[in-house]
Amino acid sequence: MTAQIFLIASPDVDATACTRMLDEALAASPVAALLLPRGSRPEGSYKALVKAVAPRAQAAGVAVLIEGDPGQVRTLGVDGIHVEGGVNEVRAATQALKPDFIVGAGRIASRHDAMSKGELGPDYIFFGPLAGPRDPEQREMARWWAEIMEVPSVLSDPAATAETATSEGAEFIGLGESVWTASEGVTARLEAIARALEANP
């Protein structure tokens, strides 16, 4: 099965650019989810970004995920939260939000860490970075997870190109800056990656 697209917005993107790039991405391929990383944004600026972008994405059937306080999920009207913290943070998020909202667990340090977080009932395990090149060790863990575990996984490859993108059996592939900054444009780059994934799922 071809991996679904899990987009990771740039941490410094503004609302206008983010919405425009999302529209361009949707013209190329169905998108399952959009993660809006907080980065170093002040709380007010981050909330403004989420409120501006989320309705447009959700209207197109894209699940919008945020970082930060689980309580903000309801306040901001998004679909869930992505947790880059440890086991305690994942547990707190699942207790606060499940089953009504999505909870994803990232920053996986080892197979043991993946299993410990997976036992808490998140909706996905996220292997790899939010930015930068894919980590070979994370790629191997994603393949291992996809082969033996039922909890869906995201293999994050923010620097992916059509020549390098593979899902390793994961249900989702995380795409980021290589799509947003492509010289040929967002639509063309994502179309090429989507074709590559269909040819080599």
### Validation row: E171, Y124 side chains within 4.5 angstrom (heavy atoms)
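No - every pair of side-chain heavy atoms lies 4.5 Å or more apart.
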### Message
Would you say that V53 contacts L34 through its side chain, given a criterion of any heavy-atom pair below 4.5 Å between the two side chains?
### Response
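A side-chain contact exists here, since the closest heavy-atom pair is under 4.5 Å.
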Verify, without hydrogens or angle tests, whether [X] (side chain) and [Y] (backbone) share a donor-acceptor contact under 3.5 angstrom.
{"X": "E84", "Y": "L130", "answer": "no"}
{"X": "T19", "Y": "T16", "answer": "no"}
{"X": "T164", "Y": "T161", "answer": "yes"}
{"X": "K47", "Y": "L76", "answer": "no"}
{"X": "R38", "Y": "Y46", "answer": "no"}
{"X": "S178", "Y": "A160", "answer": "yes"}
{"X": "D123", "Y": "V103", "answer": "yes"}
{"X": "W145", "Y": "F126", "answer": "no"}
{"X": "T187", "Y": "A28", "answer": "no"}
{"X": "E140", "Y": "E137", "answer": "no"}

### Shared hydrophobic cluster for I81 and V78 (ILVMFWY, side-chain gaps under 4.5 Å)
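I81 clusters together with V78.
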Under-4.0 Å salt bridge between [X] and [Y]:
{"X": "D23", "Y": "R56", "answer": "yes"}
{"X": "E147", "Y": "R143", "answer": "no"}
{"X": "D113", "Y": "R107", "answer": "no"}

### Query
Hey, are R134 and T166 close enough side-chain-wise for a donor-acceptor pair under 3.5 Å?
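Yes, R134 and T166 have a side-chain donor paired with an acceptor closer than 3.5 Å.
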#### Entry: Closest non-hydrogen atom pair, Q4 against A32
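What the structure gives for the nearest pair is OE1-CB, 3.6 Å.
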